[in-house]
Amino acid sequence: MLPTGVQSLKYTQESAVLRTTRSRAWLVVLACALVGYPAVAGPYMLGVFSHMFITLMAVYGLYVTVGMAGQINVAQSAFVGVGAFAAAKLSGYGLPFFIVIPLAALMAGLTSILFALPAARVKGFYLALTTLAAQVVFPIIILALPMEWLGGLVGMPVEPIRFGTLTLGAPIHFYYFTLALAALLTVAAFNLGRSRFGRAMLAVRDNDVVAEVMGVPVFRIKVMSFFVGSLFAGVAGACTAYFLQFVTVSSFTLFASVWYLGMLIVGGAHSPLGAILGVVFITLLQETLHDVANTLMQSGASGGLLFALTSIVLGGCILIALIFEPRGLAHRWAVLRTTFQLWPFPRN
Amino acid sequence: MSGVAHERTVLEADSLSLRFGAIHALRSVSLRVDEGQIHAVIGPNGAGKSSLLNCLSGFYRPQAGSVRFCSKDISGLKPHRRAALGIGRTFQGIQTYSSMTARENILSGFHARMRTGFIGGLCYWGAVRHEEETFTAKAEAIIGFLELEEMRHAVVGDMPYGIRKRVDLGRALALEPKVLIMDEPMAGMSTEEKGDLARFILDIREGLKIPVVLVEHDMEVVMAISDRVTVVDFGEVIASGTPAEVSDNPRVIAAYLGGAKS
Ligand SMILES: Nc1ncnc2c1ncn2[C@@H]1O[C@H](COP(=O)(O)OP(=O)(O)OP(=O)(O)O)[C@@H](O)[C@H]1O
Ligand SMILES: [Mg+2]
């Protein structure tokens, strides 16, 4: 729904992400808020936000593979892991971050192709199992490789990012670094939806039998959807490596993969906005629950019990979100916006 | 030179045989579509009409026989390669991309004609924008042709059946086809919608000069608009010729009456 008076002189203006002055103004407000946030936030919250931006990158990747192309992927965390280990190794050779990050993305992408080649031949349940294999094999391979290569069970230290004489170490540095990268990937994720490749993925998701007859090379597009989704994962992995300055296999679990999927589904798999809302909603929920649990712990409650309770409450909130908006928060948002714009007239 | 020297053959199926286990869907079926023709394929339910079309567009692989397109053997080509060569196709039932808008459905049909890869898609630089602009203008021409202007930004999943069939046709036209294959485009349509569609099909042949292979059950429409009719029954061609020739053929009459009895 657009307000009246918005006109397009070119067709591509119609597919622009921000079409009205008001939506552009809101973006500026949001950008200012994010840039100004470190002025009021402590180092802990800056860390939480950096982590949230990195998670968002990985979930954008899932938006591509799962949301756009409709290919289930329960191994996103493994592909993030490949990016992280690639970044750790490459930074060890003294390569600068602007070379390390693209190479890490490429490594993750190429690894995903290895699994996508068999995965793209099967559907649904079998596809989920094939990608599950990627997740299971990932730690096994890292642990089986010689210690000197990727650190085995111990893990690997990561050389920090250097900008000339400045070494990125403080939380505020990472905050801005991950914010900038997340912003870049946000633009890329939105772009994809209005491009030839994006439409091909949607066609494959909606009806892959017909897509093939309509000139879309379905197998290739499925494999590419894994590749591109894992490029995002690789960037997230490289950022994780720089952020933690240490990588171990234990950070890249099936559990994390499932969380990524959960965030995408809660937010809405059919738009990058869904990825954003899902990641923000679940991260903030987790943080709030941590806070509450910490306060209760100080007043003498048992730690084990609280941990179990927070998990239950978190799961409950997700369930409620899904029951009330199975199409995701992004859909709810779109509905609210239309209602607001049309007020006082009813929608439809 | 076989009789019709002035007409060029666009699409030709030669002795196609297709089996699904014990079922013979096609037994040595041949079909020739010449330039400028509307070629109807008719037959009772389960006769093998859709199977024949699926062999032409490459979705089914016949066990024997070959398919030639513009005098080139395409029997070994995958469906998307055939589409890129110019074999357009609409489908029986509803087979549009339901989550996309009408315009996006049509734009997706240009896939084989467009060049932008995934990197261009991610970065959306000037050349990509330019290509989008060019092809959106082409899509708009199709939207105008099919009178879908009101619906261009509506999501196809929410549209009524008749309109979706039109979007399906628009997507096939986006392939810039040299031949258009349509499987029961009018099934389930009202008389008025059928009239509209028949007009579009005639326009496609006259205006766009695209020959059409048409599977259709509505005999009135078939007899009114087609130049040639091929009748299939139990996977075999039982008659082929002009509408008048075919409708007088005793085997055709028998097949149809037999079909009606059972
Ligand atoms: N994929 C398939 N697997 C098994 N059998 C099939 C398949 N496709 C078609 N058949 C069989 O082949 C025969 C011809 O089917 P086809 O769909 O081509 O008929 P049709 O002439 O299009 O009929 P209708 O008018 O009902 O659309 C039928 O007996 C059908 O059951
Ligand atoms: Mg059929």
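Since the structure is predicted, the reported quantities are computational estimates derived from the model, not experimental observations. Chain naming here is simple, since letters A, B, ... match the order of the sequence lines and numbering starts at 1 in each.
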> Quick one: what part of B:Arg113 sits under 4.5 Å from any heavy atom of chain A, side chain, backbone, both or neither?
Replying inline: neither

> Which atoms of B:Ala139 come close to chain A, meaning under 4.5 Å heavy atom to heavy atom: side chain ones, backbone ones, both, or neither?
Replying inline: neither

> Of the listed residues (A:Glu14, A:Arg196, A:Met214, A:His270), which shares the most heavy-atom pairs with chain B below a 4.5 Å separation?
Replying inline: A:Arg196

> Considering only heavy atoms, which portion of B:Ala172 lies under 4.5 Å from any heavy atom of chain A: side chain, backbone, both, or neither?
Replying inline: both

> Among B:Ser57, B:Ser98, B:Ala84, who wins on heavy-atom pairs under 4.5 Å with chain A?
Replying inline: B:Ser98

> So B:Ser99 and A:Asp206, side-chain hydrogen bond (donor to acceptor under 3.5 Å, both in side chains) or not? Walk me through it.
Replying inline: CA-CA 7 Å; B:Ser99 74; A:Asp206 278 4; 2.8 Å; yes

> Judged by modelled atom types alone, do B:Ser66 and B:Asp73 share a side-chain donor-acceptor pair under 3.5 Å?
Replying inline: no

> Out of B:Arg115, B:Arg82, B:Glu104, B:Glu131, which one racks up the most heavy-atom pairs below 4.5 Å with chain A?
Replying inline: B:Arg115

>> Would you say that more than 12 heavy atoms from the other residues, nucleotides or ligands in this model lie under 6.0 Å from the CD of B:Glu149, or not?
In response: yes

> Among side-chain atoms of B:Arg89 and B:Asn54, is any donor-acceptor pair under 3.5 angstrom?
Replying inline: yes

> With a 4.5 angstrom heavy-atom cut-off, which part of B:Phe118 approaches chain A: side chain, backbone, both or neither?
Replying inline: both

>> Quick test of your reading of the model: are B:Arg152 and B:Glu140 salt-bridged, counting only N-O distances below 4.0 Å?
In response: yes

> Is any side-chain N of the basic residue among B:Lys165 and B:Glu193 closer than 4.0 Å to the acidic one's carboxylate O?
Replying inline: no

>> Is a donor from one side chain sitting under 3.5 angstrom from an acceptor on the other, for B:His39 and B:Thr230?
In response: yes

>> Distance check, rounded to the nearest 0.5 Å: B:Leu11 atom CG versus B:Ile181 atom CD1?
In response: 5.5 Å

>> Only pairs of heavy atoms separated by less than 4.5 Å count here; which of B:Ala174, B:Ala83, B:Gly121 has the most with chain A?
In response: B:Gly121

> What residue, out of A:Val213, A:Leu192, A:Leu231, A:Asn191, has the most heavy-atom pairs lying under 4.5 Å from chain B?
Replying inline: A:Asn191

> Aromatic rings A:Phe97 and A:Phe177: how do their planes relate, parallel, tilted or perpendicular, breaks at 30° and 60°?
Replying inline: perpendicular

> Considering only heavy atoms, which portion of B:Arg171 lies under 4.5 Å from any heavy atom of chain A: side chain, backbone, both, or neither?
Replying inline: both

>> Please classify the contact of A:Val216 with chain B as side chain, backbone, both or neither, using a heavy-atom distance under 4.5 Å.
In response: both

> Checking heavy atoms, do the side chain of B:Leu107, its backbone, both or neither come under 4.5 Å from chain A?
Replying inline: both

>> At a 4.5 Å cut-off on heavy atoms, which part of A:Arg205 comes close to chain B: side chain, backbone, both, or neither?
In response: side chain

> With chain A, which of B:Arg103, B:Lys78, B:Arg81 has the greatest number of heavy-atom pairs at distances under 4.5 Å?
Replying inline: B:Arg103

> Will you find, in the side chains of B:Ser17 and B:Gln63, an N or O donor that is under 3.5 Å from an N or O acceptor?
Replying inline: no

> Quick one: what part of B:His153 sits under 4.5 Å from any heavy atom of chain A, side chain, backbone, both or neither?
Replying inline: side chain

> Going by an N to O cut-off under 4.0 Å, is there a salt bridge joining B:Asp14 and B:Arg32?
Replying inline: no

> Heavy-atom distance under 4.5 Å to chain B: side chain of A:Phe227, backbone, both or neither?
Replying inline: side chain

> Is it the side chain or the backbone of B:Phe91 that comes within 4.5 Å of chain A heavy atoms, both, or neither?
Replying inline: side chain

